[in-house]
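Data first, discussion second: the structure below is written as structure tokens.
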Amino acid sequence: MLYSELADYYSRIESTTKRLEMTSILVEMFKRADKDEVAAISYLTLGKLYPDFTGIEMGLGEKLVAKAISRAAGVKSKEIDDLYEKVGDLGLVAEEVLKRKSAQLLFQPKPPTVLEIYSILDKISRSSGGGAQDEKLAWLSGLLSGLTPNGAKYLVRTVMGKLRLGVADMTILDALADLYADGDRTLIERAYNLTSDIGMVAEALAREGLEAMKNLKPTPGKPIRPMLAERLQSPEEVMEKLGGTLALEYKYDGERCQAHIIKGGVVLFSRRLENITPQFPDVIDAVAKYVRAKAAIVEGEIVGVDPNTGELMPFQQLMHRRRKYGVEEALEEIPTNIFLFDVMYLDGEDLTNVPYLDRRKRLEEIVDCSGSVKLATRSIISDVQSFEKFFEEAISDGCEGVMAKDITTASVYQAGARGWLWIKYKRDYKSELADTVDLAIVGAFNGRGKRAGTYGALLLAAYDKASDEFCTVCKLGSGFSDEELFSLPKKLSDALVKEKPARVNSLIKPDIWFEPKYVIEVKGAEITLSPVHTAAFGKIRGEAGLAIRFPRATGKWRTDKSPEDSTTTQELVEMYQSQLKKIT
Ligand code: ATP
């Protein structure tokens with residue numbers, strides 16, 4: 001197909017707003033194309049050269065494109081600039097000036113085909129380094145001078161990343177379904193969901209027909225469109241929906257990640273299928289080391305872990321890792337764990353049609369949990385009490401809720417679909433406790449890395465009036481300035497003791513104990529139940545105390561308060577209860 005013919009289809013598509021009409025023009029277009037052209041045509045029609053996950057973009061700058069048009073049409077730059085200012089679209093400018101030129105030509109040059117155009121655009125997108133600009137300019141002006149004015153219009157928009165025909169991936173799938181599957185999109189859509197590669201799907205259809213869709217498997221290196229969850233408001237509803245017995249997993253509050261183990265290493269994709277490999281070298285190393293497979297696609301949540309307390313960090317902290325520069329520094333400040341919850345492909349086998357429990361078993365078989373790759377904490381539950389207990393544990397371990405999962409034989413991995421096989425249940429906690437709390441310092445943990453020579457975190461306690469004890473509520477590692485942090489050992493030295501003080505009630509053993517003496521002001525996200533902290537232990541629920549989630553030092557030392565003036569465990573119980581009222 002000539003590119004100019006393709007451009008004529010684009011003109012027709014652009015002139016309609018009706019989806020059905022658009023689809024039928026696409027059907028015509030695909031019918032007209034050769035088998036080896038359909039992949040390129042699919043990408044080009046979406047304004048791309050490759051699927052999004054490759055990260056390859058054209059996006060040529062205005063200046064370069066304007067220059068190329070001026071060269072191709074033999075028109076002065078000034079004229080191009082003036083016209084551009086008038087019409088605001090370099091595509092229209094190219095069309096206009098090439099119209100004038102072609103009226104003057106005696107011989108029309110040989111028009112380029114779609115594949116010729118595609119292969120030069122591919123070269124343009126890959127060209128980099130010294131001389132790249134000149135090379136791109138020469139290629140583009142060469143292409144433009146061979147095109148019809150209408151063809152030039154669409155080519156210019158394409159190279160600038162501005163081809164907006166109103167055609168989405170799903171519109172193309174509809175057209176392909178009309179052409180190859182009597183309008184039934186099911187199999188074609190599934191193939192697309194498993195590979196996220198519309199060109200590959202279109203070409204397979206053109207070459208082998210619908211049968212090819214049945215054989216299409218996930219491919220390591222091509223992201224699977226993620227399975228999504230529905231949401232319900234109470235454990236009772238979730239249990240009923242899933243038939244009374246279900247799997248509950250911690251719902252980690254991090255970044256969803258698909259890790260692909262391929263021949264040359266590990267590739268990571270985000271929930272939006274972007275390639276996030278460069279941002280997480282630590283996850284790459286960990287997956288390569290702790291997941292035993294030659295080729296696999298596993299899925300999990302990357303969560304920041306506080307290097308000082310070992311506790312999970314809130315999502316916002318992890319977002320600091322989403323940067324292009326300073327990746328190395330961020331590695332030390334925000335180390336991560338990846339909590340795997342699914343496996344969709346393993347050493348040649350497509351597992352997306354295998355039920356959840358079997359997939360989980362396969363996952364357990366290949367993961368070595370001794371490093372920073374972990375399995376999502378999971379439990380099979382068949383009563384509401386156990387559901388609630390598991391939920392509270394998830395919250396107190398730094399998660400945002402639970403993910404309930406169907407365990408029947410129907411529980412396949414539904415790529416790209418939101419359905420009732422997974423149901424999320426989370427409590428929207430307030431992001432800040434209304435009030436600060438004042439807590440006694442009863443212990444400390446030695447710092448490592450950047451915090452070597454001072455403390456990594458302090459162990460804090462509330463005062464229990466009834467038993468005259470200091471009961472732990474949290475480890476505090478954030479909110480300090482560097483200066484303050486390094487002054488801590490000296491500042492607290494006169495409270496240092498060898499053994500756990502008698503009035504301190506703690507299940508945690510810090511590196512250093514302090515006699516309760518210093519009181520520090522802390523802000524937190526909320527109060528949660530916790531099996532490891534002793535404040536109000538057993539008051540709300542057996543085998544659990546209260547903890548402060550995501551505590552931060554405000555910078556205020558309450559020298560005006562004696563340790564017995566610290567926030568009491570009774571106050572924490574009241575804060576916990578009023579927080580519940582606000583939530584319900
Ligand atoms: P959604 O993904 O449902 O559109 P969202 O992006 O706002 O919504 P959430 O509401 O937070 O995400 O819930 C779903 C997300 O929970 C998943 O996309 C995944 O990143 C995360 N998640 C955490 N733990 C798990 C788990 N154990 N199983 C599945 N997903 C989990």
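Keep in mind that the numbers below use all heavy atoms, side chains included, and drop hydrogens, waters and symmetry copies. Ligands are counted one by one from 1 in listed order, and the atoms in each one are counted from 1 as well.
By the 4.0 Å N-to-carboxylate-O rule, E400 lies too far from K424 to be salt-bridged with it.
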Evaluate the side-chain hydrogen bond (donor to acceptor under 3.5 Å, both in side chains) criterion for residues N193 and Y413: first the C-alpha distance (whole Å), next the side-chain angles of each, then the deciding distance (0.1 Å), finally the verdict.
CA-CA 11 Å; N193 284 336; Y413 188 94; over 6 Å; no
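Evaluation of the salt bridge (Lys or Arg N to Asp or Glu O under 4.0 Å) rule for E301 yields no partner, not counting sequence neighbours. Every residue two or more places apart in sequence or in another chain was checked for a salt bridge (Lys or Arg N to Asp or Glu O under 4.0 Å) with D406, and none qualifies. Judged as a salt bridge (Lys or Arg N to Asp or Glu O under 4.0 Å), and not counting sequence neighbours, the contacts of K214 are E211.
Protein residues with any heavy atom under 4.0 Å from ligand 1: L228, A229, E249, Y250, K251, Y252, R256, R271, E301, F341, E400, M403, K405, R418, W422, K424, K426.
Counting non-hydrogen atoms of neighbouring residues, nucleotides and ligands closer than 6.0 angstrom, the CG atom of D368 exceeds 12 such neighbours.
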